[in-house]
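What you are looking at is a predicted structure, and each value in this text was computed from that prediction instead of being measured. Reckoned from all heavy atoms, side chains included, excluding hydrogens, waters and symmetry mates.
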Amino acid sequence: MKIAASEQASTAGNGFGNNLLRALKPEDLALLEPLLQDWQADAGTVLYEPGDNVQCAYFPCGPSLVSFIVVLDDGRAVETALIGREGAVGGIVSQGRLPAYARAVVQFPGPFLRIQAADLERAKASSPSLRHLFARYADCVLAQVFQSVACNAAHSIEQRTVKWLMAAIDRTGDHDIPLTQEQLAGMMGVGRSYVSRVIQSLKSRDVLETRRGGVRVKNFDELGSLSCGCNDALRRHFDQVLAGVYPSPEESSAQKAQSDGRRPGSRMRE
Ligand SMILES: [Zn+2]
């Protein structure tokens, strides 16, 4: 596992920028808190390769975003699920230390909280309510995978590109999206030229502009009108199963404004 940047054994200053952790009961949060470590990752950091023994679970915080990618036997890699601060990767939905099935890659850099898998298992064993919350999250992850299968099979490359951009904005609250056409193509398992055509088309309609290392959305409403309904369907399921956990652009904007102004310190529960 590549550890990108700083590591420190403290959650101080993080403000629990992960909605799944914020949804925990106070006693469950108290159980996990001493076990969580602050961790930072750069874009492209691989958390697991298929077959890796999952030693740690990761909770993306703030804008951090991880995608699960399945590598096919012809070498193409296809994104199957996107996990941001609404969730976690590794050992949350499974029992015990199991090998990873998909590659987990950091798409958006930022802060994470991580926990040793063995510590997480002990905590889950001692708290039925912790197990219950993670079981509900597992249901949401399954819904996301179902939706992703349908999306990859039925929706156009333009719709899927827009879905990614909207998912990014939901989490960062920022219309500046540091995703290259190369990254977008990689996530969707298509050649870069397909994504380039989509980006050029969106650019010609004044929906976005390209910039070094990413794109900037100029017309958010127009972009939203071009997306498939997959993100919205998933949000509705999250809202029914884990209310308040799925990120919204409004929440992200508020969080961004707060972190631009001062370091987040509050540990608010929703
Ligand atoms: Zn779709």
key: side chain to side chain donor-acceptor pair (under 3.5 Å) contacts touching residues 198-208 (sequence neighbours left out)   = Glu158-Arg205, Ser201-Arg205, Lys203-Thr210, Asp206-Lys218
message = When you group the ILVMFWY residues by side-chain heavy-atom contacts below 4.5 Å and let the links chain together, are Val78 and Val141 in the same group?
response = no
query = For the side chain of Gln159 and the backbone of Ser156, is there at least one donor-acceptor N/O pair under 3.5 Å apart?
reply = yes
request  = Assess whether side chain to side chain contact (heavy atoms under 4.5 Å, CB included) is satisfied between Asp42 and Val106, documenting all intermediate values.
outcome  = CA-CA 7 Å; Asp42 294 330; Val106 176; over 6 Å; no
remark   = Taken to the nearest 0.5 Å, the spacing of Asp174 CG from Arg216 CZ works out to 9.5 Å
key: Under 3.5 Å donor-acceptor, Tyr48 side chain and Gln55 backbone   = no
query = Are Val162 and Met166 side-chain neighbours, meaning at least one heavy-atom pair lies under 4.5 Å?
reply = yes
query = Who passes side chain to side chain contact (heavy atoms under 4.5 Å, CB included) against Arg197, sequence neighbours left out?
reply = Tyr194
request  = Work out which heavy atom in Ala43 is nearest to a heavy atom in Pro109; give both atom names and the distance.
outcome  = N-CB, 3.6 Å
task = Using salt bridge (charged side-chain N to carboxylate O under 4.0 Å, His left out) as the criterion, list what pairs up with Arg136, not counting sequence neighbours.
result = none
message = Please enumerate all residues that pass side chain to side chain donor-acceptor pair (under 3.5 Å) together with Thr161, with sequence neighbours excluded.
response = none
message = Nearest 0.5 Å, please: how far is CG in Leu113 from CZ in Arg85?
response = 13.5 Å
message = Determine whether a donor-acceptor pair (N or O, by modelled atom type, separation under 3.5 Å) exists between the side chain of Gln183 and the backbone of Thr180.
response = yes
ask   = How far does OH of Tyr101 sit from OG1 of Thr80, to the nearest 0.5 angstrom?
value = 9.5 Å
ask   = Got Glu33 and Leu21 here, is their nearest side-chain heavy-atom distance under 4.5 Å?
value = no
message = Could you measure the distance from the SG atom of Cys61 to the CD atom of Gln40? Nearest 0.5 Å is fine.
response = 9.5 Å
task = Please round to the nearest 0.5 Å and tell me the distance separating atom CH2 of Trp39 and atom OG1 of Thr45.
result = 5.5 Å
ask   = Where is the tightest heavy-atom contact between Leu65 and Ala168, given as atom of each residue plus distance?
value = CD2-CA, 4.5 Å
request  = Can you see which heavy atom on Ile69 is nearest to which on Glu79, and at what distance?
outcome  = CG1-CA, 4.2 Å
task = Please name the pair of heavy atoms, one in Arg235 and one in Pro247, separated by the smallest distance, quoted to 0.1 Å.
result = NH1-O, 3.0 Å
key: Residues that Ala154 engages under side chain to side chain contact (heavy atoms under 4.5 Å, CB included), provided they are two or more places apart   = none
Hey, can you pull the donor-acceptor pairs under 3.5 Å for the side chains in residues 221-230, sequence neighbours left out?
residue, atom, partner, partner atom, Å
Ser225, OG, Glu222, O, 2.7

request  = Mind checking salt bridge (charged side-chain N to carboxylate O under 4.0 Å, His left out) for Glu86 and listing every partner two or more places apart, or none if nothing turns up?
outcome  = Arg171
message = Please check: side-chain N/O of Arg160 versus main-chain N/O of Met188, any donor-acceptor pairing under 3.5 Å?
response = yes
inquiry  = For a 4.5 angstrom cut-off between non-hydrogen side-chain atoms, does His237 reach Val241?
reply    = yes
message = What I'd like to find out is whether the side chain of Leu133 reaches to under 4.5 Å of the side chain of Leu242, using heavy atoms alone.
response = yes
inquiry  = For Asp74, give me all partners under side chain to side chain contact (heavy atoms under 4.5 Å, CB included), at least two apart in sequence or on another chain.
reply    = Leu72, Arg76
ask   = What residues form a salt bridge (charged side-chain N to carboxylate O under 4.0 Å, His left out) with Asp176, not counting sequence neighbours?
value = Arg211
note = Sorted by chain and number, sequence neighbours left out, ring pair (Phe, Tyr, Trp, His ring centres under 6.0 Å) with His155 holds for none
key: side chain to side chain contact (heavy atoms under 4.5 Å, CB included) against Ser127, all qualifying residues, sequence neighbours excluded   = Asp28, Leu31, Ser129, Leu130
key: Test item: Asn19 side-chain N/O and Val245 main-chain N/O as donor-acceptor pair under 3.5 Å   = yes
message = I'd like to know if Val70 and Leu82 are part of one continuous hydrophobic network [Ile/Leu/Val/Met/Phe/Trp/Tyr, side-chain heavy atoms within less than 4.5 Å].
response = no
ask   = Can any side-chain N or O of Ser67 pair as donor or acceptor with the backbone N or O of Ala81 at less than 3.5 Å?
value = no
request  = Just jot down the ring pair (Phe, Tyr, Trp, His ring centres under 6.0 Å) partners of Tyr246, sequence neighbours excluded, or say none.
outcome  = Phe238
request  = Would you mind checking if Arg114 and Asp38 are paired as a salt bridge, meaning a charged N to carboxylate O distance below 4.0 Å?
outcome  = no
remark   = The reported gap from CZ in Arg131 to NZ in Lys124 (rounded to nearest 0.5 angstrom) is 9.5 Å
remark   = The residue among Ile177, Val198, Val190, Leu179 that forms side-chain contact (heavy atoms from CB on, under 4.5 Å) with Leu184 is Leu179
ask   = Under 3.5 Å, side chain of Asp52 to main-chain N/O of Val54, donor-acceptor pair present?
value = no
request  = For the pair Leu202 and Val215, evaluate side chain to side chain contact (heavy atoms under 4.5 Å, CB included) and give the outcome as yes or no after the intermediate values.
outcome  = CA-CA 11 Å; Leu202 294 171; Val215 298; over 6 Å; no
query = Do the side chains of Asn231 and Trp164 get nearer than 4.5 Å, heavy atoms only?
reply = no
inquiry  = What I'd like to find out is whether the side chain of Leu20 reaches to under 4.5 Å of the side chain of Phe134, using heavy atoms alone.
reply    = yes
task = Flag the pair His175 / Phe220 as yes when at least one side-chain heavy-atom distance between them is below 4.5 Å, and no otherwise.
result = yes
Verdict with reasoning, Val105 to Leu47, per side chain to side chain contact (heavy atoms under 4.5 Å, CB included) = CA-CA 6 Å; Val105 185; Leu47 303 181; over 6 Å; no
task = Mind running side chain to side chain contact (heavy atoms under 4.5 Å, CB included) on Gln107 and Val66 for me, showing each step along the way?
result = CA-CA 5 Å; Gln107 298 293 354; Val66 175; over 6 Å; no
task = On the 0 to 90° scale, with breaks at 30° and 60°, tag the Tyr58-Phe112 ring pair as parallel, tilted or perpendicular.
result = perpendicular
inquiry  = Quick check: do Ser64 and Phe108 have side-chain heavy atoms less than 4.5 Å from each other?
reply    = no
